[in-house]
Amino acid sequence: MSLKEKIDLSKLPKHIAIIMDGNGRWAKSKFLPRFIGHTNGVKTVKNIVELSRKLNIKVLTLYAFSTENWQRPQEEISGLISLLITYLKSEIESMIKNQISFRILGDISRFSKEVQDEIENVCNKTKDNSGLVLNIALNYGARQEIIKAFKSLYKNKIDNPTEEDISNCLYTKGLPDPDLLIRTSGEMRISNFLLWQIAYAEIYITNVLWPDFSEEEFYKAILEYQKRDRRFGSI
Ligand code: IPE
Ligand code: IPE
Ligand code: MG
């Protein structure tokens, strides 16, 4: 039986969130520049989006650029942004055809007008699609998101907020929380990702580097998730 056949289709995570890490180390291990690691990382993104869609996963959230990643060399940052633009231009038709709804989590106001326009174009053209919701976390930081929520509660004079009020102020408004959080390349940390939303996510960390995260590795993560006993504080 293949790994794919072992997956219980009635017990799939509704929302999978991924910290795509290890592009730099992948390149380094092959004596290649970091940028080549990122271009190979984009191939993995395309593959995982396609597989998620075929499995009928409702929401896929990919961490592409954190609020802390501005500390990287300017050249690497520009390389990552140009890869994003190329990705959007090459994928928009396929997103429309496959009913993928593209969204951004994060503050894109720090990017150039050209970048913002391209992102908004893809968001607008795919916003009514009813299939997979594809969130790309870009200039995203969970603490920054929580500050934004506090400000919005204050502005709207909600002085006794419920969990729902807070969830409604986050970029993930209206979406279910992640059931499964995957991190590649072995670091045992969250790196300021979705702190509120992952309260009860199952965490899966693999040593595999993101450019090597294949179809089989994705199925392994889902199978591991399906073995977990999710008690939510109960017995
Ligand atoms: C993940 O790979 C991609 C981004 C953070 C944009 P890294 O670039 O962090 O790769 P490592 O961690 O240096 O190997
Ligand atoms: C987390 O990876 C951010 C993204 C995947 C975009 P990093 O490589 O930036 O995280 P740290 O520095 O190892 O915590
Ligand atoms: Mg990293």
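Keep in mind that this is a model prediction, so the values were computed, not measured. Counting starts at 1 for both ligands and their atoms, in listed order.
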Student: Under 4.0 Å, counting heavy atoms only: does G22 come that close to any atom of ligand 1?
Tutor: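 Yes, that is the case, since the closest heavy atom of the residue is under 4.0 Å from the ligand.
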Student: Ignoring angles and geometry beyond distance, decide whether E187 reaches within less than 3.5 Å of ligand 2 through its nitrogen or oxygen atoms.
Tutor: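 Such a contact does not occur with ligand 2.
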Student: Classify the ring geometry between Y200 and F232 as parallel (under 30°), tilted (30 to 60°) or perpendicular (over 60°).
Tutor: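 Tilted.
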Student: Does one side chain, of N129 or S101, offer a donor that lies under 3.5 Å from an acceptor on the other?
Tutor: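 No, no side-chain donor-acceptor pair sits under 3.5 Å.
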Student: What atoms of ligand 2 come closer than 4.0 angstrom to any heavy atom of R189?
Tutor: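 That gives atoms 11 (P), 13 (O), 14 (O) of ligand 2.
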Student: Would a line drawn from the ring center of F111 to the ring center of W70 be shorter than 6.0 Å?
Tutor: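 Aromatic pair counts; centres sit under 6.0 Å.
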Student: Check whether any N or O atom of S66, backbone or side chain, sits under 3.5 Å from an N or O atom of ligand 2, and answer yes or no.
Tutor: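 No; every N/O pair is 3.5 Å or more apart.
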Student: Strictly inside 4.0 angstrom of atom 12 (O) of ligand 2, do you find any protein heavy atom?
Tutor: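 Answer no: nothing from the protein, no heavy atom, is under 4.0 Å.
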Student: Salt-bridged, D179 to R230, with N to O below 4.0 Å?
Tutor: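 Salt bridge flag = yes for R230 with D179.
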Student: If you measure from each non-hydrogen atom of H38 to ligand 1, which part falls under 4.0 Å: side chain, backbone, both or neither?
Tutor: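 For H38, only side-chain atoms sit under 4.0 Å from ligand 1.
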Student: Does the distance from a Lys or Arg side-chain N to an Asp or Glu carboxylate O, for K220 and E217, drop under 4.0 Å?
Tutor: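 Looking at K220 and E217, the cut-off is met.
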Student: Out of all atoms in ligand 2, which are within 4.0 Å of some heavy atom of Y63? Include the element for each.
Tutor: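 Contacts of ligand 2 toward Y63, numbered from 1: 3 (C), 4 (C), 5 (C), 6 (C).
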Student: Which option out of R25, M20, R72 puts a heavy atom nearest to atom 8 (O) of ligand 1?
Tutor: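 Looking at heavy atoms only, the winner is R72.
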Student: Classify the contact between A64 and ligand 2 as side chain, backbone, both or neither, using a heavy-atom distance cut-off of under 4.0 Å.
Tutor: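 Backbone only.
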Student: What is the closest protein heavy atom to atom 2 (O) of ligand 1, and at what distance does it sit?
Tutor: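 Result: N23 N, 3.2 Å.
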Student: Should F193 and L62 be regarded as members of a common hydrophobic cluster, given that ILVMFWY residues are connected when their side-chain heavy atoms come within less than 4.5 Å of each other, either directly or indirectly?
Tutor: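 No, separate clusters.
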Student: Output the atom name for the N/O/S atom of D21 with the smallest distance to the Mg ion (ligand 3).
Tutor: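 Atom name returned: OD1.
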Student: Note the single closest protein heavy atom to atom 9 (O) of ligand 2, along with its residue, its atom name and the distance in Å.
Tutor: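 That would be N69 ND2, 2.9 Å.
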Student: Tell me the contacting part of R183 for ligand 2: side chain, backbone, both, or neither, using a 4.0 Å heavy-atom threshold, strictly below.
Tutor: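 It is the side chain that gets close, since no backbone atom is under 4.0 Å.
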Student: With distance as the sole criterion, is a donor-acceptor pair present between the side chains of W26 and D212 under 3.5 Å?
Tutor: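 Distance-only check passes for W26 and D212.
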Student: Is a salt bridge present between R25 and E187, judged by a nitrogen-to-oxygen distance below 4.0 Å?
Tutor: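 Answer for the salt bridge query: yes.
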Student: Which one holds for K28 and ligand 1: side chain close, backbone close, both close, or neither close, with close meaning a heavy atom under 4.0 Å?
Tutor: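 None of K28 does.
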Student: For G24, is at least one N or O under 3.5 Å away from an N or O on ligand 1?
Tutor: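 Between G24 and ligand 1, an N or O pair is found under 3.5 Å apart.
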Student: Consider every N or O of S191 and every N or O of ligand 2, then say whether any pair is closer than 3.5 Å.
Tutor: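 Looking only at distances, the answer is yes, because the N/O contact criterion of under 3.5 Å is met.
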Student: Any carboxylate oxygen within less than 4.0 angstrom of a Lys/Arg side-chain nitrogen, looking at D229 and R231?
Tutor: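 Yes.
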Student: Quick check on the hydrophobic clustering: are W210 and L32 connected, directly or via other members, by side-chain heavy-atom contacts under 4.5 Å?
Tutor: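 No; tracing contacts between hydrophobic side chains, which count when under 4.5 Å, never links both residues.
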Student: Among the clusters formed by ILVMFWY side chains lying less than 4.5 Å apart, do L138 and M95 turn up in the same one?
Tutor: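 Shared cluster, yes.
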Student: Indicate, as side chain, backbone, both or neither, the part of F65 found under 4.0 angstrom from ligand 2 when only non-hydrogen atoms are considered.
Tutor: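 The answer is the backbone.
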